[in-house]
Amino acid sequence: MSDLRSLEADLERSLRRLEPRTKFAEAFAQAETGQEVRFERKTTGVTREPHLRGAVIRAWGGSRWIEAATSSLDARSLEAAASSLEHSLTKSAAGSAPPGESSTLRKEWTDRPARPGRDLSSEEMIAFSRDVFGWATAVPGVQNAQTGVGWSEEERFYLNTAGARCYGVLNRMRGGCLAIAIENGRAENDYAFFGSLGGQELMGYLNERRVTETARSAVDLLHATGAPAGEIPVILDPSTAGTFAHESFGHGTEADQFVRNRSYLRPILGQTVGPESLTIIDQGSYPGGWGSVLFDDEGQPGQRTVLVDHGKFVGALHDRETAAALHAHPTGNARRSDFLSRLFVRMTNTYVEPGDWTLEELVKEAKHGVLLEHATSGIEDPQGGQMQLKVNRGRLVENGELTTVVPSVALSGKVLEFLQRIRGISHRADFEMSPGYCGKGHSDLIPAGTGGTYLLSTAVVGPA
Amino acid sequence: MSAAASTAFDAADRLRAPGPWEIFGERSRRYEIHLNGRSIEMIRGPILIEGYGLRLFRPRDGGMGIGSQASTELTEAGVRAAARDAEELAKYSAFPAKSIDLPSGKSGTGDGPEVCDPNLWDRPLETLEGFVDALLQPFEGERDVEPSFGSVRATLTETTITNSSGLRVAYPHTTAWLELAVKASGGPEGAAPGEYWVNDTVRRLETRDLPDRVREWSRLARDVRRAKSTPSGELPVVLPSAILPTILPAVIGFRFTGSARLRDLAPELGTTWAAEAVTVRDDGRVPWGIGSSPVDDEGSPQRARPLLDRGQVAGLLYDTRHAGAFETRSTGNGWRGRALIYLDWRRFLGPPVNTTSTLSISAGKDGSDAELIEAAGDGIWLQQLGWAVPDPVSGAFGGEIRIGYRIRDGKLAEPVRGGTLGGTVMAPSGHPSLLRNVAAIGSTPVLSEWVQSPTLLIRPLTVAGQN
C-alpha cells in the first residue's frame with residue numbers, strides 16, 4: 001500500500017500557495033488497493049483495483065467553491081492543479097471566509113483488522129468462492145451461481161489551511177452468491193451477500209446453511225405465483241426496512257436539499273411524523289459499517305445523528321455550508337465519491353432502531369398482506385415525498401400466517417402516510433445491517449449501509 | 001489539450017510482454033457546472049484523468065487465462081507494474097476460449113459516426129456556460145416553475161486502442177450529461193410542490209430546442225401536482241421512446257449475448273420471443289448515439305447487427321472473449337464503463353463486457369403517438385418510472401409511476417402518479433412479456449440514450465394503484 005502521508009509536504013505547499021488568495025483551502029488525496037475473485041461454472045475471474053491515486057484541491061472563491069483534481073500525484077501535477085486554482089482565484093473576490101466551521105481535527109486512524117483481506121492469497125479466495133459455488137449448485141434445480149469475495153484498503157488523507165490533518169485507512173471485505181435456477185427457458189435468481197469494514201472473519205457470513213437457503217429460494221421463485229397488486233399490509237424484512245430508512249428519512253434529511261428548498265421534510269422539522277416506536281439514525285461511526293467514515297471529506301469525524309426520535313423528526317445531515325445556513329453543526333456527512341467527484345451531503349449508515357415485536361406477532365397483526373424480502377433497490381423523491389422499494393421475492397400473509405412465495409415486488413408510497421401506518425417493529429435479535437451503494441441524483445455512488453428489523457405498515461405493491 | 005493523445009500507444013511502447021495483449025487508453029478532460037436554483041453553485045474543471053486498461057491473454061489448461069490491470073502510471077516502471085499484475089492474474093483466471101482473435105488494422109477519426117461535438121471539444125467551459133444560460137433563460141417565462149437542483153457535466157475524451165495484432169485506433173468523442181429537478185409550486189394554498197426529474201446523456205449539447213423542452217418539463221412538473229391515483233389492473237400501456245432506455249438494454253443487452261449463451265441463458269436462434277411486428281437491431285453507428293463509435297472498446301468495427309426479426313431471434317452479440325469461446329467472430333460488442341451508471345470518463349478502469357451499443361427498434365405502421373393512444377382505448381401513458389431496475393436474468397422490471405397519464409376513450413386524460421407498473425421484458429413461450437405483448441409500434445423512431453425506438457403500445461402490463 002502506498003502511504004499518502006508521504007505527499008504531505010507537496011499538498012501543504014499547494015495549500016500555502018493559495019493562502020494569499022483565499023481565506024480557506026483544503027486538499028483531499030485518495031488511493032485504493034484491493035483484489036476480487038468471481039467464480040462461475042465456466043469462468044474464474046481475478047481482478048485488482050486499478051493503480052489509481054489522485055487528489056482534489058478545493059478553495060473558497062468568495063462566493064462559491066472552485067476545485068481542480070488530478071490523477072497524478074507527482075509534485076508537478078499538484079503544482080499545476082494549485083496553479084489553475086490560483087488563476088481562478090485571481091478572477092474572483094476572495095475577501096470573505098467560507099460559511100460554516102472549518103475542521104481543525106488532527107488525527108490518524110491506522111488500526112488494521114486482525115486478519116486483513118490482503119493476507120488472503122489468490123488461491124484461498126478462489127477456494128472460498130468455489131466452496132460457495134459448490135453449496136449453491138448442490139441444490140437441485142440450480143444450474144449456475146455467481147460467487148465471489150473481495151477486499152479493499154482505501155487510504156484517505158485530508159489537510160486544510162485551518163490546521164486539520166486527518167489520515168485513515170478503511171479496510172473493507174465483501175462477498176456474495178447469486179444462485180440461478182433455469183427451467184424451460186425461464187430463469188430466476190436469488191442472492192446473499194455481505195460487506196463491512198473488517199477482515200477475513202466476515203467471510204463466515206456466506207456459510208453452507210445460508211447459501212443453501214439462497215439457492216433453494218431461487219428454485220422456489222421459478223414456481224412462484226403472481227405477486228400481489230394493490231394497497232395491502234406489508235412487512236419489510238431487515239434489508240428492506242434499512243432501504244426504507246435510507247429512502248424515506250435519509251435523502252430527505254440531507255440538508256443541502258433543505259437549503260435548495262427541495263425537501264418536503266423541511267417544513268415539518270420538529271413535528272411528530274410516526275409512531276413512538278420509530279427511531280431512525282444515521283451513523284458514520286457505526287462499528288464496522290459498510291458506509292462508516294473515519295472522517296468526512298471536510299475533516300469532520302463520523303458521528304451518530306438522530307433523524308427521527310420516537311416518532312418525532314428532530315435532525316438533519318449537514319456539511320459546513322448547510323450547517324451554517326440552518327444554524328446547526330456539521331455532522332460528518334460531507335462525502336465525495338472519490339477524488340474526481342464533488343462533495344455533497346450524503347448518508348453513511350442509516351437504520352431503523354429495533355422495536356419489541358416478534359415476526360410472528362407482526363404476521364398475525366397483518367393478517368392478510370405480504371412479507372417483502374431481499375431488498376434490491378430503492379429510490380426517493382425528496383420533493384414529492386414518495387418512495388419506491390423493490391425486493392427480489394415475497395411471501396404472502398394469509399390468515400395471519402406466512403404462505404406462498406411470490407416473485408419480485410415493488411412498493412410505492414407516500415413516506416408520511418407509510419410512517420403513520422406503522423403498526424410494529426421487531427426486536428433487536430432480528431437486526432441486520434446491509435451494504436449498498438447510494439447515488440446523489442443519478443451519479444456519485446458511495447458505499448452506504450442500511451439496517452433495521454422487521455417492520456409492519458401498509459402500502460401499494462405490485463409485480464416488478 | 002495540445003498534442004493528440006497517444007496513451008495506449010505510449011503504454012504499448014513500454015510494455016515488455018509477449019502477445020496476445022490489448023491496451024485501451026483514454027485521456028479525458030471533464031468540466032461540470034452545478035446549479036442551486038437558477039444560480040451557479042460550483043464550477044469544476046479541468047478535471048484531468050489519463051490512464052489505460054491492459055489485458056493479457058494466456059492459453060492455459062485448454063482455455064484462456066485473462067489478466068487485466070488498469071493504471072494511470074504511464075512511466076516505464078508503471079506500465080511494467082501493471083503488466084506484472086496482469087500476468088499474475090492471468091494465471092488464476094480461467095475462460096473457456098481456446099484462442100482470442102483480436103482485431104487488426106487501423107482506423108482514423110473520420111471512419112465512424114459523428115460522436116464529437118466540435119464546440120464542446122474546442123471551448124468546453126464556454127459551451128457549458130452557454131448551455132446553462134440557454135437552459136435557465138426559458139424558466140423566466142414559466143410562472144411558478146423553477147429548477148431546484150441540477151448539473152451539466154461534459155467529458156471530452158481521446159480514446160486510443162492498440163493490440164499485439166497490429167491494431168492502432170484513435171478517435172475523439174464527447175459526452176454531456178444533464179440532470180435537473182424542475183419544481184412547480186405556488187398557486188392555491190395547500191397544493192404541495194411537484195417535481196419532474198430530467199436525466200439525459202447525449203453526445204452533443206444543443207440549445208435550439210431548450211425553450212420547447214423547458215416548456216414540456218414545466219408542464220410535467222405542474223401535472224405532478226395535480227396527478228390522481230393510479231388505477232389497478234392489467235391495462236394497455238403506451239411507452240414513449242424516452243422511457244425505454246431504463247427498461248430494455250439491461251435485459252436484452254445481456255440475454256442476446258455470448259455472455260448469456262455461456263450461462264445457458266441466451267435464446268435459441270429462430271425461436272420466437274416477441275410479437276411478429278417487433279424487429280430489433282443493435283446498431284453502433286447511429287449518429288450522435290451515446291452507444292456509437294467507430295469501433296467498440298476492443299477495436300472491432302461498428303455495424304448494425306440483427307437481434308429479433310419479426311419476433312424471432314436472428315442473432316447474438318459477441319466480444320472477442322465470447323467469440324473465442326464459441327469459435328465465432330466478434331460482432332463488435334465489447335464495451336467498457338457499463339456499470340450501474342455510465343462512467344464515461346473512467347472507462348479504462350474496468351475490462352470490457354459483452355453487451356449492446358444502441359438498441360434500434362424498427363418503425364412500425366401504427367402511426368403517431370395520438371394514434372397509439374387511440375388504439376390503447378383505456379389505459380396508461382407512462383412518462384416516467386422511479387427506477388425500473390430490470391433484472392438481466394429473470395427479465396423482471398418495474399417501479400413506481402412518477403408521472404403518467406390516464407388514457408380514456410382513446411385520448412390522454414388526467415395525470416396519474418404513485419402505484420407501480422411492471423412485468424417481464426422477455427419470457428419463453430407460454431409466459432407473457434413486454435416483447436410478446438407489443439400490440440402496436442409507432443412510425444417514428446426517436447433516439448434516447450441507448451435506445452432508438454418509436455413509441456410502443458403494450459397490451460397489457462400490470463398496474464397497481466390505490467384504486
Side-chain angles (χ1 to χ4, degrees), chain A residues 40 42-48 50-53 64-72 84 122 126 143-144 180 182 184-189 229-231 257 260-262 264 340 342 376-377 379 381 383-386 388 390 407-408 410 412 414 437 439 441-443 445 460-464, chain B residues 34 36-37 41-44 47-51 68-73 78 81-82 85 89 92-96 148-149 179 181 183 192-195 199 224 232 262-265 340-341 349 386-387 389 391 393-394 396-400 418-420 422-423 427-428 431 462 464-466:
Chain A
E40 291 190 56
K42 295 176 182 170
T43 66
T44 305
V46 188
T47 54
R48 287 192 181 146
H51 298 178
L52 173 66
R53 308 187 311 156
R64 67 172 72 131
W65 294 102
I66 54 173
E67 296 191 349
T70 172
S71 62
S72 294
S84 77
S122 297
I126 291 170
Q143 278 77 13
N144 197 1
I180 300 172
I182 308 171
N184 298 325
R186 188 176 172 198
E188 285 289 351
N189 63 88
E231 190 174 61
Q257 308 294 17
R260 296 174 208 280
N261 207 12
R262 193 188 169 226
Y264 74 102
L340 295 162
R342 69 160 285 187
T376 55
S377 66
I379 190 164
D381 177 6
Q383 183 71 77
Q386 300 263 147
Q388 170 191 314
K390 281 186 76 169
S408 54
S412 157
K414 291 181 177 164
Y437 288 92
H442 283 218
S443 65
L445 295 181
V460 174
V461 295
Chain B
H34 294 261
N36 179 7
E41 179 180 74
M42 180 184 282
I43 295 177
R44 305 186 74 231
I47 302 160
L48 305 175
I49 181 165
E50 180 172 19
S68 59
Q69 184 61 55
S71 177
T72 53
E73 297 290 339
D85 272 5
L89 296 174
Y92 295 106
S93 299
F95 192 81
S148 63
F149 171 67
E179 65 172 351
K183 176 183 174 181
E195 180 179 285
N199 180 43
V224 165
S232 292
L262 196 64
R263 295 168 170 90
D264 302 320
L265 288 167
L340 188 58
I341 54 177
L349 293 176
W387 189 9
V389 205
D391 183 324
V393 174
S394 71
F397 77 96
E400 181 180 66
T420 69
H431 298 274
T462 305
Q466 283 178 313

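Chain letters run A, B, ... following the sequence lines, proteins first, then strands; residues in each count from 1.
Using a 4.5 Å cut-off between heavy atoms, B/Asp264 contacts chain A through both its backbone and its side chain. With a threshold of 4.5 angstrom between heavy atoms, B/Ala427 does not approach chain A through any atom at all. The parts of A/Leu52 that come within reach of chain B are both its backbone and its side chain, each placing non-hydrogen atoms under 4.5 angstrom from that chain. Heavy atoms of A/Asn184 lying under 4.5 Å from chain B belong exclusively to its backbone. Contacts between A/Asn261 and chain B at a heavy-atom distance below 4.5 Å involve backbone atoms as well as side-chain atoms. A/Ser443 touches chain B through backbone and side chain together, each having a heavy atom under 4.5 Å away. If you measure heavy-atom distances from A/Ile180 to chain B, the contacts under 4.5 Å come from the side chain alone. Both the backbone and the side chain of B/Asp85 have a heavy atom closer than 4.5 Å to some heavy atom of chain A. Interface remark: B/Glu179 contributes side-chain atoms only to the contact with chain A (heavy atom separation under 4.5 Å). The contact between B/Thr462 and chain A is made entirely by side chain atoms (from C-beta outward), counting heavy-atom distances below 4.5 Å. Of the atoms belonging to B/Tyr92, heavy atoms from both backbone and side chain fall under 4.5 Å from chain A. In this structure, the portion of A/Glu40 lying under 4.5 Å from any heavy atom of chain B is its side chain and not its backbone.
Side chains of B/His34 and A/Arg342: a donor-acceptor N/O pair is present below 3.5 angstrom, by distance only.
Side-chain atoms of A/Lys42 do not come within 3.5 Å of backbone N or O of B/Pro96 as any donor-acceptor pair. Side-chain atoms of B/Thr72 come within 3.5 Å of backbone atoms of A/His51 as a donor-acceptor pair (strictly under, hydrogens ignored). Side-chain atoms of A/Gln388 come within 3.5 Å of backbone N or O of B/Trp387 as a donor-acceptor pair. For the pair B/Arg44 (side chain) and A/Leu340 (backbone), a donor-acceptor distance under 3.5 Å is present.
Note: B/Lys183 NZ to A/Gln383 CD = 4.5 Å, rounded to the nearest 0.5 Å. Here B/Ser71 contributes atom OG and A/Arg48 contributes atom CZ; the two are 13.0 Å apart, rounded to the nearest 0.5 Å. In this structure, CD in B/Glu50 is found 10.5 Å from OG1 in A/Thr70, a value given to the nearest 0.5 Å. How far CG of B/Leu48 is from OG of A/Ser72: 9.0 Å, rounded to the nearest 0.5 Å. B/Asp391 CG to A/Thr376 OG1: the interatomic distance, rounded to the nearest 0.5 Å, is 8.0 Å. Here the CZ-CZ distance, from A/Arg262 to B/Phe149, works out to 6.0 Å after rounding to the nearest 0.5 Å.
For the pair B/Gly386 and A/Ile379, the tightest heavy-atom approach, listed with the atom from each and the gap, is O-CD1, 3.3 Å. Shortest non-hydrogen contact noted between B/Ala464 and A/Ala229 is CB-CB, 3.7 Å. Taking all atoms of both residues into account, the shortest heavy-atom contact from B/Gly399 to A/Ala464 is N-CB, 4.3 Å. When all heavy atoms of A/Asn189 and B/Ser394 are compared, the pair lying nearest together is ND2-N, 4.1 Å. B/Ala396 and A/Ser408 get closest at one heavy-atom pair: CB-OG, 3.5 Å. In plain terms, the two heavy atoms of B/Thr420 and A/Ser412 that are nearest each other are CG2-CB, 3.8 Å.
Using a 4.0 Å cut-off between charged nitrogen and carboxylate oxygen, A/Lys390 and B/Glu400 do not count as a salt-bridge pair. In summary, A/Arg64 and B/Glu41 do not engage in a salt bridge, as defined by a charged side-chain N under 4.0 Å from a carboxylate O.
Contact count versus chain B (heavy atoms, under 4.5 Å) is highest, among A/Val460, A/Thr44, A/Asn144, for A/Thr44. Between chain B and the residues A/Ala68, A/Gly45, A/Pro407, A/Ser377, the largest count of heavy-atom pairs under 4.5 Å involves A/Ser377. Among the candidates A/Glu231, A/Glu188, A/Gln386, the residue making the largest number of heavy-atom pairs closer than 4.5 Å to chain B is A/Gln386. If you tally non-hydrogen atom pairs under 4.5 Å between each of B/Gly422, B/Gly78, B/Gly419 and chain A, the highest count goes to B/Gly419. Interface summary for chain A: among B/Ile49, B/Ile43, B/Leu89, the most heavy-atom pairs under 4.5 angstrom belong to B/Leu89. Counting heavy-atom pairs closer than 4.5 Å to chain B, the top-ranked of the candidates A/Gly385, A/Gly230, A/Ala69, A/Ala187 is A/Ala187. For the set A/Gly384, A/Pro50, A/Ser84, A/Gly439, the entry with the most heavy-atom pairs within less than 4.5 Å of chain B is A/Pro50.
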